[in-house]
Amino acid sequence: MNWSPLLLSLQLAFITTLCLLIIGIPIAAKLAASSARYKFLLEAIVSLPLVLPPTVLGFYLLIVFSKNSVLGGFLYQYFDVQLLFSFEGLVFASILYSLPFMVQPIQAGLQNLPASLSEAAYTMGKSKREVLWSVLLPNIKPALLTGIVLSFAHTIGEFGVVLMIGGKIPGETLVASIAVYDEVESLNYVQANFYALVLLGTSFVILGMTYFINARLSTKL
Amino acid sequence: MLLHLDLQKKLDRTEGSRELKVQMELDAGDFVAIYGPSGIGKTTLLRIIAGLSQADTGFLSINKSCWFDEEKNINVSPQKRKVGFVFQDYALFPNMTILENLHFANSNAALIQKLLKQTNLEGLKHKKPAELSGGQQQRVALARALVVESPILLLDEPLSALDHSLRQDMQDLIAELHQTYQRTTLMVSHDIPEIINLANKLLVIKDRDTILYDQPKAYFERENLLDEIEETGLILAIDDKELLLQIGAKKRRLPYSKETLGAIQVGTKISLKRWVLPSKIHEIERQ
């Protein structure tokens, strides 16, 4: 049995989730606190991957990443980085693709906290960053966990975007979801079933654990 | 003069918009009760002082340093104003223990220790807010606001969620803490006896004007919001804070202070005056 696609999927999901935590928390905090008139534009952009066919996102990334585009050309010329058909490109695409799954739960969690919590901390002289870190985030652990798990699971389940910009280079871009499709196309049902079963099992275990932990966290609060 | 403000702010309410206009000067150690109907802008005034809301025009200065001046475009952030604020929902941080809540506000360990003792919270300091009763949470909120070493203390209906007997205890505690720390205090309250017990000044916010009165009691009497009754009672028992009296056919426990009463003992007959809220006449007999 070839474990490489499964390990690659896990690796991609892990790195993507980590990056999303770093990027998603400030975005969610900004959206939760903002009452700006044009906030809805940013919210719509963040949520686009929820409704957009993955192939559409993949198509545009294909164009933006290509050496002939401004960004792709710049990266290739000055940093020797080629995002198309590479693991780095997949990470970048996955971050965009799973962004709403990290941002939305955290934003909702923050908005559900009473405003008086952060206001009380401000009157104690605490900066916005200190308040986010010491007061707000520790009180939305279930939302953080939900964001992490959904982003992770969603990245593992990614198919269309990877197909468009990743191809299926073994060890580089051939992730498990693509491998299932690939094996079925070559009529290799046993290997396809192996990948499918492992994905099914992991997804179930991850979600089960999340609901279990969240139930315990919410009874504790 | 410690606090000087002259502020205007338009308030948007469901029943239409109105203008909040407040002008007042307070001395260090003043205890001001803010009184007025719901939705008139009492909480907003506290928020403006703390820097959590912004007035449209006017100025606000504390100890001669300017916190807000619309003309000069000055608006000091709430972080730099650092006032003690007791929110209506207490706003205790659920993830922190009581001690951590106080420590987060200010790391002055000696003051924290002193306040824990004064508010009778020492035994609870390692508990989280959710494990405490309403009255205990209230004491934590009060202690935490005092840990912030600010000349200003803002209380937004701090006792409204407590039952009657707890309110009495908390009033005593607030009075005691005010005596010790002498913070200039502004307290939103609807409760007339509470205001008379605690405040030396009264800010009445009404539809058209806002007036600061020097004697809260005199205001309520004038407005027919308070009655004085005279009774005769026989002392049945005396303890530190309360007298047990036989008044007519009823037995009543009434709080008293030793200084005002002088030499009394069980069996003495006294005449007393009490403030009571006006009520409807429920029985009339022709004499």
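The sequence lines fix the lettering, A, B, ..., with proteins before strands; numbering per chain opens at 1.
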## Note on the structure
Given Arg144(B), Lys80(B), Lys128(B), the one with more heavy-atom pairs under 4.5 angstrom with chain A than any other is Arg144(B)
#### Entry: Heavy-atom pair count under 4.5 Å with chain A, highest-scoring of Val147(B), Val86(B), Val148(B), Val83(B)
Val83(B)
Heavy-atom cut-off 4.5 Å, strictly under: side chain, backbone, both or neither for [X] against chain A?
| X | answer |
| --- | --- |
| Lys82(B) | both |
| Asp89(B) | side chain |
| Leu92(B) | backbone |

Working to the nearest 0.5 angstrom, can you tell me the gap between [X] [atom1] and [Y] [atom2]?
| X | Y | atom1 | atom2 | answer |
| --- | --- | --- | --- | --- |
| Ser116(A) | Phe85(B) | OG | CZ | 9.5 Å |
| Thr123(A) | Phe87(B) | OG1 | CZ | 5.5 Å |
| Phe93(B) | Leu117(A) | CZ | CG | 6.5 Å |
| Ser150(B) | Met124(A) | OG | CE | 12.0 Å |

Other residues, nucleotides, ligands: >12 heavy atoms within 6.0 Å of [X] [atom1]:
| X | atom1 | answer |
| --- | --- | --- |
| Lys125(B) | NZ | yes |
| Phe204(A) | CZ | no |
| Arg129(A) | CZ | no |
| Lys39(A) | NZ | yes |

### Message
Closer than 3.5 angstrom, by distance alone: can the side chain of Asn95(B) be matched with the main-chain N or O of Ser134(A) as a donor-acceptor pair?
### Response
yes
### Message
Any side-chain to backbone donor/acceptor pair from Lys126(A) onto Phe104(B)? Under 3.5 Å, distance only.
### Response
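Flag set: sc Lys126(A) to bb Phe104(B) pair under 3.5 Å.
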## Note on the structure
Note: vs chain B, highest number of non-hydrogen pairs under 4.5 angstrom among Ser118(A), Ala121(A), Ala120(A) is Ala120(A)
